[in-house]
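Remember, it's a predicted structure, so these values are computed and weren't measured experimentally.
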Amino acid sequence: MRRLLDAGMRVFADRGFHAARVDDIVRAARTSHGTFYLYFTNKEDLLRALATECGHEISALADTLGPVGPDAEGYLELRAFLGRFFGTYRRYGPIIRAWMEGHVDDREVGALGVRSFTDIANALDRRIKEAGAGGPNASIFALMALLERFAYFLVSRRLDFDADAMLDTVARLVHRGFFAAPVELV
């Protein structure tokens, strides 16, 4: 099953969800159609399984955010968290893209997606407030829009920025703008 999930991820990344065929996934997994249909009804079912896996991983990621103060230590914690966030988004990018574009027609999986990103938002909001930098509720929505759309843009456009420079830039922007870090700190 894992080979099929991994192959599905690769085929969705290479061909896109619509152009992907079960035959492509089976070939990439080096298995048979019978094995595919043992686990999945169709490619939508495979996408649903991958979306569920992704949602659980994103929710778990929220628990990894430690305290983020306006100091250098807080910056490093935030940078590490953003690295994990962007890494997860990059790994599941084709799945998140198909999910966001409405190819997963399952209320339960859709709700899981909302919960997953809400978990990330709540973790960030909690850390912002702990740092004494909490603003109006619109602040966390703006932060989530910035992070999610930037990650989506990276994945959907297949841009390959220097990972460290990109992470430094985004971490600096978020740390200064949302955690009230001084400009000269980083």
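Between Arg79 and Asp164 there is a salt bridge, since at least one side-chain N of the basic residue sits less than 4.0 Å from a carboxylate O of the acidic one. The pair Arg10-Asp6 does not meet the salt-bridge criterion, since no charged nitrogen lies less than 4.0 angstrom from a carboxylate oxygen. For Glu53 and Arg2, the salt-bridge test passes: some basic side-chain N is under 4.0 Å from an acidic carboxylate O.
Between the side chain of His175 and the backbone N or O of Ala72, no donor-acceptor pair lies under 3.5 Å.
Atom OH of Tyr89 sits about 5.0 Å away from atom CD1 of Ile96, to the nearest 0.5 Å. Put simply, CG on Leu82 and CZ on Arg172 are 12.5 Å apart, with the number rounded to the nearest 0.5 Å. Note that CG of Leu50 is 6.5 Å distant from CG of Leu47, once rounded to the nearest 0.5 Å. Here the straight-line distance linking atom OG of Ser116 with atom NE2 of His56 works out to 7.5 Å at 0.5 Å rounding. If you take CD1 on Ile25 and CZ on Arg3, they are separated by 14.0 Å, rounding to the nearest 0.5 Å.
In this structure, Phe36 and Thr31 have side chains that are not in contact, with every pair of non-hydrogen atoms separated by 4.5 Å or more. With contacts defined as side-chain heavy-atom distances shorter than 4.5 Å, the pair Phe17/Lys43 qualifies. No side-chain heavy atom of Tyr92 sits less than 4.5 Å from a side-chain heavy atom of Ile58. Taking 4.5 Å as the limit, every side-chain heavy atom of Leu146 sits out of range of all side-chain heavy atoms of Phe141. Within the 4.5 Å cutoff, the side chain of Val68 has heavy atoms near those of the Leu65 side chain. Counting heavy atoms from C-beta outward, Leu147 and Phe86 have side chains that approach closer than 4.5 Å. Side-chain atoms of Leu173 and Val170, non-hydrogen and from C-beta on, never get closer than 4.5 Å to each other.
Nearest heavy atom pair, residue Pro182 against residue Pro70, reads CD-O, 3.4 Å.
Under the 6.0 Å cut-off for aromatic ring centres, Phe179 and Tyr75 do not qualify, their centroids lying 6.0 Å or more apart.
Inspection of the Tyr37 and Asp45 side chains reveals no N or O donor paired with an N or O acceptor under 3.5 Å.
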Distance-only donor-acceptor hits, side chain of residues 117-124, under 3.5 Å, sequence neighbours excluded:
unit_1, atom_1, unit_2, atom_2, d
Thr118, OG1, Val114, O, 2.7
Asp119, OD2, Ser59, OG, 2.9
Asn122, ND2, Thr118, O, 3.4

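The cationic atom of Arg149 (NZ for Lys, CZ for Arg) lies less than 6.0 Å from the six-membered ring centre of Tyr152 and within 45° of the ring axis.
Side-chain heavy atoms closer than 4.5 Å link hydrophobic residues (I, L, V, M, F, W, Y) into clusters, and following such links, even through other members, never connects Leu112 to Ile95.
The ring-ring contact (aromatic ring centres under 6.0 Å, His included) check on Phe178 picks up nothing, with sequence neighbours excluded. With sequence neighbours excluded, the residues forming a side chain to side chain contact (heavy atoms under 4.5 Å, CB included) with Asp23 are Arg21, Arg27, His33, listed by chain and number.
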